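Below: one structure, written as structure tokens.
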Amino acid sequence: MRIGILTSGGDAPGMNAAIRAATIVAVALGHEPVGIRNGYRGLISGELMPLDPAQVGDALRRGGTILQSARCPEFHEPEARRAARAVLAHAGIDGLIVIGGNGSLTGALHLSDPAEAGDWPVRVIGIPASIDNDIALTSLSIGVDTAMNTIVEACDKIADTASAHGRVFLVEVMGRDCGYLAMTSAIAAGADMVLSPEADRTEGELVDSVVDAVRAVRARGGSQRVMAITAEGIETPTARLKELVDARLASVTGQPQPDIETRVTVLGHVVRGGQPSAFDRLLGSRMGNVAVRSLVDGAHRQMVAWQPPVDAVAGVGERSSHDPYCHLMPLDVVLEATRQLLDGESPLARWRATIFDDLQDVFLL
Ligand code: ATP
């Protein structure tokens, strides 16, 4: 086979491990890996490059993606996908590995849709890579572990200075539609509270919850620092939230200025970058291995999933014969489950929406 590999959407640490593994496994099995630069944009314009094991060896250690990534709005249109199929046919590519997030996997589904592509000979397989962990039916996507480690390391540093001054810190992390990173890193960093889009709080409720946490910490004695992790997708931008919290604290204390200092730290793209953690290297490598071997076996329109939740796999997908920790899940099923997760319809989404309200008192002890 000639196996095309592309990375699309937001980059995620560990994508390079997947590219490397796909490359070396393809070569070891006697197939030819071909890199496609700049995601779907590069696919449409034919930005192909040969990939060989020597070239990808050190990539494992690096964040970002050696194939570059891009957003390509044109790919929403059938004409762009037709152009992409023509490029693949012209290059003799008969297997395609798409490494990316929810949008990129949706692009892969449309690219390979028989209603649009007809009897198309190219087999397509997806590898979930997104620091947001917003793809359903896989416990983890590539990049999540590194991003969480980056946040926790930053929060540990912030906690030191916050404790020294008894300050309130609002630490904003990435997560437009999904607060997974905020929630998990709040636990791992020992934060006092988390504000995520799933909880669907109004501006007033967000302010109330921060102010309540500050008052509870002040009342309990001990460390006076307060650390709240906020996901970027909450109703109120973090900078505005700080102003509203300051104003409310001032009115609560009856002072013109609050005697409690609040600070905002926006971690932003720092969370996306950096060397992949050992686990993301492992995850990317194992998924890349499974993707190539499954393509060779004939898999098509599937996603490699890492330990899907037990109730999710009943009757859906199959365990990979190449790695017992991986499943192959139909792309259309994954994407429908992802929609339900992001729309708050799935049981997992409902659990995520309420669990931190239930835990709030525990956090503040
Ligand atoms: P991240 O999780 O970092 O946001 P992503 O893969 O979800 O990654 P998107 O920007 O949503 O990132 O999508 C990446 C690309 O996938 C888009 O620029 C577009 O080329 C393609 N894509 C997204 N949605 C669709 C769609 N509905 N139909 C066709 N192509 C799509």
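Predicted model only: the values in this text are computed from it and were never measured. First listed ligand is number 1; within each ligand, the first listed atom is number 1.
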*Name the orientation class of the two ring planes belonging to Y40 and F75 (parallel below 30°, tilted from 30 to 60°, perpendicular beyond 60°).*
parallel

_For ligand 1, the portion of F75 having any non-hydrogen atom under 4.0 Å away_ = both

*With heavy atoms only and a cut-off of under 4.0 Å, state how R71 meets ligand 1: side chain, backbone, both or neither.*
both

*Have N102 and T338 got a donor and an acceptor in their side chains that come within less than 3.5 Å?*
no

*For the residue pair S277 and D145, confirm or rule out a side-chain donor-acceptor distance under 3.5 Å.*
yes

Nearest-neighbour protein heavy atom for [atom], which is reported as residue plus atom name and distance:
atom	result
atom 14 (C) of ligand 1	S104 OG, 3.5 Å
atom 25 (C) of ligand 1	H76 CE1, 3.4 Å
atom 28 (N) of ligand 1	H110 CD2, 3.2 Å
atom 27 (N) of ligand 1	T106 CG2, 3.4 Å
atom 30 (N) of ligand 1	G107 CA, 3.4 Å

Which atoms of ligand 1 sit under 4.0 Å from any heavy atom of [X]?
X	value
G101	2 (O), 5 (P), 6 (O), 7 (O), 8 (O)
S8	14 (C), 15 (C), 16 (O)
G9	6 (O), 8 (O), 12 (O), 14 (C)
S130	2 (O)
Y40	16 (O), 20 (O), 21 (C)

*List the steps and the verdict of side-chain hydrogen bond (donor to acceptor under 3.5 Å, both in side chains) for S130 and S141.*
CA-CA 6 Å; S130 167; S141 294; 5.8 Å; no

_For R293 and N289: C-alpha separation, side-chain torsions, deciding distance, then whether side-chain hydrogen bond (donor to acceptor under 3.5 Å, both in side chains) applies._
CA-CA 6 Å; R293 291 177 189 275; N289 171 51; 2.6 Å; yes

Do any nitrogen or oxygen atoms of [X] lie less than 3.5 angstrom from nitrogen or oxygen atoms of ligand 1?
X	result
P73	no
G103	yes
G10	yes

_Rounded distance (nearest 0.5 Å) linking atom CD1 of I66 with atom CE of M49_ = 6.0 Å

*Rounded to the nearest 0.5 Å, how far does CG of D11 lie from OG1 of T65?*
7.5 Å

*asked:* My understanding is that we take every heavy atom of each candidate and find the minimum distance to atom 18 (O) of ligand 1. Doing that for C72, A84, S69, which one comes out nearest?
replied: C72

Just wondering, more than 12 heavy atoms not from [X] lying within 6.0 Å of its [atom1]?
X	atom1	result
R176	CZ	no
F279	CZ	yes
R215	CZ	no

